[in-house]
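See below for the structure under consideration.
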Amino acid sequence: MSAVRAHVIADLRERISSIESHAVKKVGCLEFGVPEIDAVLPGGGLAHGALHEFAGGGAGTVDGAAAALFVAGIVTRTTGPIVWSLTRPDLFFPALAQVGLKADRVIFVESDKEEDVLANMEEALAFGGLGAVIGEIVRLPMTASRRLQLAAEKTGTMALAVRRWRRQTEASDFGQPTASTTRWRVSVRPSEELPVPGVGRPRWFLELMRSRAGECAEFLVGACDDKGRIHLSARPADGSHSSSRSIYSA
């Protein structure tokens, strides 16, 4: 019986994977333009009509600045207005402009409670016709994440949840299960060296901690340029950006 059960479970997993992959292809994806990254994402990019999670790592765990800039670079490469819902109006506009996100494309929605942020995201996703919907939240309960995922699927709008915590201890919540299609952690690394003395291009360590119907992976990349694009940085000695489970995964 155990062999039969294992065969049935394997068959079900294969069918589910096929269905999920088909859904990704149907709504389309936003390519990063980096073959090594797009190759590990089902459909060849970040799926539209889906919920994606992002958080800061290392010294940027609480402020989430690198994660927010990574998200800003992603939505820069979409078309249409952007809704950004938040409770703390502390975004640094020159930094957003530096990764290509112009202020006239963004509709900022400020709320007092996190529950309102989630509600605003869901309503914006249901509206449709937007380039993307972003929400800054501390916790993302499974029920709330499912509602966001379903709302994104209905209109084909990309939903991006930036997990920002008030204190380091809250970061453990990032390991809890959600309905997100992908989950990323973004940590700041030393800048790229220039051939002459000066300030090099910032670098990030991207951890793809979860990818539905895909693989986990790590990448060392150059931060977003003024078009929201990243590039794969030189491979470090520790062999990062390999397609394997992150050593930092929660």
Side-chain angles (χ1 to χ4, degrees), residues 12-32 37-38 40-55 67-68 70-87 101 104-111 113-164 173-174 176-184 208-215 228:
L12 285 173
R13 284 175 175 169
E14 185 176 347
R15 291 185 184 185
I16 292 171
S17 178
S18 176
I19 292 171
E20 290 175 336
S21 296
H22 175 72
V24 169
K25 292 177 182 178
K26 185 178 179 181
V27 299
C29 294
L30 179 67
E31 297 180 355
F32 281 100
I37 298 179
D38 292 331
V40 301
L41 294 168
L46 208 59
H48 291 289
L51 171 65
H52 306 278
E53 278 185 87
F54 304 83
F70 183 42
V71 166
I74 289 171
V75 301
T76 291
R77 296 182 291 108
T78 65
T79 57
I82 306 299
V83 170
W84 197 314
S85 185
L86 69 173
T87 59
L101 186 57
D104 59 3
R105 282 193 63 197
V106 187
I107 302 170
F108 292 101
V109 183
E110 185 179 346
S111 304
K113 301 178 181 178
E114 279 218 339
E115 293 81 359
D116 295 334
V117 171
L118 293 169
N120 292 336
M121 289 182 69
E122 188 175 349
E123 186 173 347
L125 289 168
F127 179 78
L130 300 172
V133 174
I134 304 169
E136 296 184 14
I137 50 180
V138 174
R139 292 182 176 85
L140 183 60
M142 175 60 81
T143 300
S145 67
R146 283 176 176 164
R147 292 179 65 93
L148 293 176
Q149 175 66 28
L150 290 172
E153 290 176 358
K154 288 180 180 178
T155 58
T157 304
M158 186 182 294
L160 305 104
V162 181
R163 308 293 300 276
R164 294 188 63 194
D173 187 67
F174 196 51
Q176 299 301 313
T178 67
S180 60
T181 299
T182 64
R183 175 181 285 177
W184 303 77
L208 177 55
M209 302 171 66
R210 181 178 189 271
S211 177
R212 190 188 301 175
E215 299 178 353

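The analysis underlying the following values was restricted to heavy atoms, covering all of them including side chains, and did not include hydrogens, waters or symmetry mates. The first residue in the sequence is number 1, and the count goes up from there.
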Subject >> Closest non-hydrogen atom pair between T182 and H52, with its separation >> reply: OG1-ND1, 2.6 Å
Subject >> Spatial distance of atom CD (Q149) from atom OG1 (T178) [nearest 0.5 Å] >> reply: 9.0 Å
**OP:** Calculate, to the nearest 0.5 Å, the distance between atoms CG and CG belonging to L150 and L51 respectively.
**Re:** 10.5 Å
Original post:
So, for A179 and M142, which heavy atoms are closest and what is the spacing to 0.1 Å?
Top reply: N-SD, 3.7 Å
Original post:
Which atom names give the shortest non-hydrogen contact between R183 and Q176, and what distance separates them?
Top reply: NH2-O, 2.6 Å
Subject >> Atom of A132, atom of L160 and distance for their closest heavy-atom approach >> reply: CB-CD1, 3.7 Å
Original post:
Looking only at heavy atoms, what is the nearest atom pair of I74 and M158, with distance?
Top reply: CG2-SD, 4.1 Å
Original post:
Could you go step by step and tell me if E53 and R163 meet the salt bridge (Lys or Arg N to Asp or Glu O under 4.0 Å) rule?
Top reply: CA-CA 7 Å; E53 278 185 87; R163 308 293 300 276; 2.7 Å; yes
Original post:
Taking it one step at a time, do R105 and T78 satisfy side-chain contact (heavy atoms from CB on, under 4.5 Å)?
Top reply: CA-CA 11 Å; R105 282 193 63 197; T78 65; 3.3 Å; yes
Original post:
Just how far is it from atom OG1 of T155 to atom CG of L130, taken to the nearest 0.5 Å?
Top reply: 8.0 Å
Original post:
Would you call P42 and R212 a side-chain contact if the rule is heavy atoms closer than 4.5 Å?
Top reply: no
Original post:
Got more than 12 heavy atoms from elsewhere within 6.0 Å of CZ, R147?
Top reply: no
Original post:
If you look at every heavy atom in A151 and L125, which pair is closest and at what distance?
Top reply: CB-CB, 3.9 Å
Subject >> Nearest-0.5 Å distance, CG of residue L140 to CG of residue L118 >> reply: 6.5 Å
**OP:** Classify the angle between the aromatic ring planes of F54 and W184 as parallel (below 30°), tilted (30 to 60°) or perpendicular (above 60°).
**Re:** parallel
Original post:
If you measure from CD on E114 to CZ on R139, what distance do you get to the nearest 0.5 Å?
Top reply: 7.5 Å
Subject >> Separation between CD1 of I82 and OG1 of T157, rounded to the nearest 0.5 Å >> reply: 9.5 Å
Subject >> Side chains of L30 and H48 in contact at under 4.5 Å (non-hydrogen atoms) >> reply: yes
Original post:
Are the side chain of T76 and the backbone of L101 linked by a donor-acceptor contact shorter than 3.5 Å?
Top reply: yes
**OP:** Might you work through the side-chain contact (heavy atoms from CB on, under 4.5 Å) test for N120 and V83, ending with a clear yes or no?
**Re:** CA-CA 9 Å; N120 292 336; V83 170; over 6 Å; no
Original post:
For G228, does its backbone N or O pair with a side-chain atom of R77 as donor and acceptor, under 3.5 Å?
Top reply: yes
Original post:
Step by step, would you call F127 with V133 a side-chain contact (heavy atoms from CB on, under 4.5 Å)?
Top reply: CA-CA 10 Å; F127 179 78; V133 174; over 6 Å; no
Original post:
Is the W84 ring parallel, tilted or perpendicular to the F108 ring (thresholds 30°, 60°)?
Top reply: tilted
